[in-house]
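Following: one structure in structure tokens, then a few remarks.
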Amino acid sequence: MIDLKMLTENPDLYRASQRARGADESLIDQLIEADAARRETIATFERLRAEQNAFSKKVGQAKGEERAALLAEVKELAASVKSAQAEADAAAATSVALQRSIPNLIIDGIPAGGEDDFTVLKHVGTPRDFAAEGFEPLDHLQIAEKLDAIDMERGAKVSGSRFYFLKGIGARLEIAMMNMALDVAMEHGFIPMITPTLVRPETMQGTGFDVEHDDEIYKLERDDLYLVGTSEVALAGYHANEIMDLSDGPIRYAGWSSCYRREAGSAGKDTRGIIRVHQFNKLEMFIYTSVENAEAEHEKLLAMEEDMLGRMELAYRVIDTAAGDLGMSAARKFDCEAWVPTQETFRELTSTSNCTTFQARRLNIREREIVDGKPGKTRAVATLNGTLATTRWIVAILETHQNSDGTVNVPKALQPYLGGLEVLR
């Protein structure tokens, strides 16, 4: 959650963040008032409890009628203490609920506005000109069906719409891509992790997802568990309620998992193929670091994603996502969008987010400061995440590298992961 002390000292900073997100600015003042009420009710409770303790000592020393009179007062005071405690608990609950409802403070300089207000930071590569080559490109599903690589019809028969089978070379292509991404991650010091795909509500909430109102999340009502939409959730919860040792630098994990999203509100959008589906595989990078290193780590995650796109020989652009299109936890997010020839547009393949201390505060993940070589106070760590490979990449790979005869050239960097295969037939 947001830093309450920082908010009360710099409310205008948080109002501006809410304004850039298009979120409710009044929540800032509501939280300040709720926190003041919380502190006031706690002070009242503690004063009354101190009085109760003092009276209890007097009762122990008194005798006869004096003791009887004091007992009556103690009884009345006990009722006041109980009432004050209830008020303090209610005020604290209100304050925490408001604190949890406010999204992360954005990093200064990111674009304000909504989904279409992003800033393009760079273009890399040139989209392939199929007209100059003399043939009309097929879309990824047409290519995949020729290769017998994707079966949407039987996916729908078995599980419903937006499900699919990756088959033969389609399955091999995804496994090759994921293995390559894992190798890249390990080259950069990431620890491989195969993570749970079912998590408890406190883990989902701690990561920044609204389990009560987020229609994207699948829930198992009987078990009170949630299917993750990214291994970020499990990796964020991995060190919950711990004091981490970051004295040797950031701790980096690469989570391999299946992911699930309901795609609520996407009726009629991307219904063809595997661009927007309910289940997919993903290799997700996750970093725990000190606050001071967070922005530098964010740049490194982006560089790794660009490296992967380059190895796949894809034309892409990098965008700085607008504040109103950020998730609850992100203070800044970069997206890498690859060119999809048949759609004649860029589509997101990867994203990387700097969540600063937001998730760590919710999950109580801290590090101990070192002052003059000695252990000091604890403070929240920073967390970051970024996607290095996912099922959707198959769309851009098939369309970009297709040939007029329906075959597909395998990017050179990926060929060793397919046993040296150069062309998909």
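All figures in this text were calculated on a predicted structure; none of them were measured in a lab.
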query = Quick check: are there more than 12 heavy atoms from other residues, nucleotides or ligands sitting under 6.0 Å from CD of E369?
reply = yes

remark   = CD1 (I32) and CD (E9) are apart, to the nearest 0.5 Å, by 11.0 Å

ask   = Quick check: does any side chain N or O of S17 sit under 3.5 Å from a backbone N or O of L13, one acting as donor and the other as acceptor?
value = no

inquiry  = Between N179 (side chain only) and I175 (backbone N and O only), is there a donor and an acceptor less than 3.5 Å apart?
reply    = yes

request  = Give every residue pair that meets the salt bridge (Lys or Arg N to Asp or Glu O under 4.0 Å) criterion with at least one member in residues 26-37, sequence neighbours excluded.
outcome  = R15-D29, D35-R38, D35-R39

message = Listing request: all salt bridge (Lys or Arg N to Asp or Glu O under 4.0 Å) pairs with a residue in residues 345-354, at least two apart in sequence or in separate chains.
response = D270-R347

query = Got a second to check how far T119's OG1 is from F334's CZ, nearest 0.5 Å?
reply = 10.5 Å

task = For residues L388 and W393, report the shortest heavy-atom separation together with the two atoms involved.
result = O-CZ2, 3.6 Å

request  = For residues 413-425, pull every pair meeting side-chain hydrogen bond (donor to acceptor under 3.5 Å, both in side chains), keeping only residues two or more places apart or in separate chains.
outcome  = D183-Y417

key: Closest non-hydrogen atom pair between L166 and Y164, with its separation   = CG-CE1, 3.7 Å

message = Can a donor-acceptor pair be found, under 3.5 Å and without considering hydrogens, that links the side chain of D214 to the backbone of D210?
response = no

ask   = Is any side-chain heavy atom of S161 closer than 4.5 Å to a side-chain heavy atom of T271?
value = no

query = Between D325 and R21, is there a salt bridge with N-O shorter than 4.0 Å?
reply = no

inquiry  = For residues 167-176, which residue pairs pass the salt bridge (Lys or Arg N to Asp or Glu O under 4.0 Å) check, not counting sequence neighbours?
reply    = D148-K167

task = Heavy atoms only: give me the nearest P127-G125 pair and the separation to one decimal.
result = CD-O, 4.0 Å

inquiry  = Could you check whether any side-chain N or O of R252 sits under 3.5 Å from a backbone N or O of G189, counting only pairs where one atom can act as donor and the other as acceptor?
reply    = no

message = Rounded to the nearest 0.5 Å, what separates atom CD in E306 from atom CG in L314?
response = 12.5 Å

message = Between H401 and P411, is there a side-chain heavy-atom distance shorter than 4.5 Å?
response = yes

Residues forming a salt bridge (charged side-chain N to carboxylate O under 4.0 Å, His left out) with E284, sequence neighbours excluded = K282

query = For the side chain to side chain contact (heavy atoms under 4.5 Å, CB included) test, which of N409, V410, V408 pairs with V423?
reply = N409

remark   = salt bridge (charged side-chain N to carboxylate O under 4.0 Å, His left out) filter on E367, not counting sequence neighbours, yields R379

ask   = Above 12 or not: heavy atoms from other molecules or residues under 6.0 Å from CD1 of I194?
value = no

ask   = Would you find a donor on one side and an acceptor on the other, under 3.5 Å apart, between the side chain of H140 and the backbone of I394?
value = no

inquiry  = Could you check whether E221 pairs with K219 (Lys NZ or Arg NE/NH1/NH2 to Asp/Glu carboxylate O, under 4.0 Å)?
reply    = yes

task = Grab the two heavy atoms, one from L48 and one from S80, that are nearest each other, plus how far apart they are.
result = CD1-O, 3.8 Å

message = Can you tell whether the side chains of R19 and E25 come within less than 4.0 Å, N to carboxylate O?
response = yes

message = Looking at R261 and G229, would you say the former's side chain and the latter's main chain have a donor-acceptor pair under 3.5 Å?
response = yes

ask   = Should we say atom CD of E295 is surrounded by more than 12 heavy atoms from elsewhere, each under 6.0 Å from it?
value = no

ask   = Below 4.5 Å, heavy atoms only, C-beta onward: do D151 and E153 meet side chain to side chain?
value = yes

key: I287 side, atom CD1; N385 side, atom CG - distance, nearest 0.5 Å   = 9.5 Å

key: Separation of L235 CG from M193 CE (nearest 0.5 Å)   = 5.5 Å

message = How close do S231 and G255 get, counting heavy atoms only, and between which atoms?
response = OG-O, 3.3 Å

task = Check whether the side chains of T407 and N403 place a donor and an acceptor atom closer than 3.5 Å, and report yes or no.
result = yes

Residues 97-115 side chain polar contacts: donor-acceptor under 3.5 Å, at least two apart:
unit_1 : atom_1 : unit_2 : atom_2 : d
Q99    : NE2    : I2     : O      : 2.9
S101   : OG     : L98    : O      : 2.7
N104   : OD1    : T356   : OG1    : 3.4
N104   : ND2    : S329   : O      : 2.8
N104   : ND2    : C355   : O      : 3.0
N104   : ND2    : T356   : OG1    : 2.9

task = Please work out which of the three classes, parallel, tilted or perpendicular, describes the rings of Y218 and Y260, given edges at 30° and 60°.
result = perpendicular

ask   = So, R368 side chain and G376 main chain: donor-acceptor pair closer than 3.5 Å or not?
value = yes

query = Any side-chain donor-acceptor pair under 3.5 Å between T289 and E297?
reply = no

message = Looking at Q205, is its backbone amide N or carbonyl O close enough to the side chain of R362 to form a donor-acceptor pair, meaning the two atoms are under 3.5 Å apart?
response = yes

inquiry  = So, taking the atom named CG in L138 and the one named OG in S404, what distance separates them when rounded to the nearest 0.5 Å?
reply    = 10.0 Å

Listed pairs under 3.5 Å, donor-acceptor, residues 236-244 side chains, sequence neighbours left out:
unit_1 : atom_1 : unit_2 : atom_2 : d
H239   : ND1    : E242   : OE1    : 2.7
H239   : NE2    : Y253   : OH     : 2.8
N241   : OD1    : N364   : ND2    : 3.3

ask   = Is there a side-chain contact between M180 and M308, using heavy atoms and a 4.5 Å cut-off?
value = yes

query = If you look only at pairs with a residue in residues 81-97, which of them pass as a side-chain hydrogen bond (donor to acceptor under 3.5 Å, both in side chains), with sequence neighbours excluded?
reply = none

Pair listing, salt bridge (Lys or Arg N to Asp or Glu O under 4.0 Å) test, anchored in residues 389-414, at least two apart = none

request  = Return the set of residues passing salt bridge (charged side-chain N to carboxylate O under 4.0 Å, His left out) with R332 (not counting sequence neighbours), or none when no residue passes.
outcome  = D320

Counterpart residues, salt bridge (charged side-chain N to carboxylate O under 4.0 Å, His left out), relative to E337 (two or more places apart) = R317

query = Among F118, Y316, W339, whose ring-ring contact (aromatic ring centres under 6.0 Å, His included) with F346 holds?
reply = W339

ask   = K5 and T8: which non-hydrogen atoms are nearest, and at how many Å?
value = O-OG1, 2.9 Å

key: Minimum side-chain heavy-atom gap E216-F209 below 4.5 Å   = no

More than 12 heavy atoms of other groups within 6.0 Å of R272 CZ = yes

message = Strictly distance-based, threshold 3.5 Å: is any side-chain N or O of R311 a donor or acceptor partner for the main-chain N or O of L414?
response = no

query = Is there a donor-acceptor contact under 3.5 Å from the side chain of T400 to the main chain of I397?
reply = no

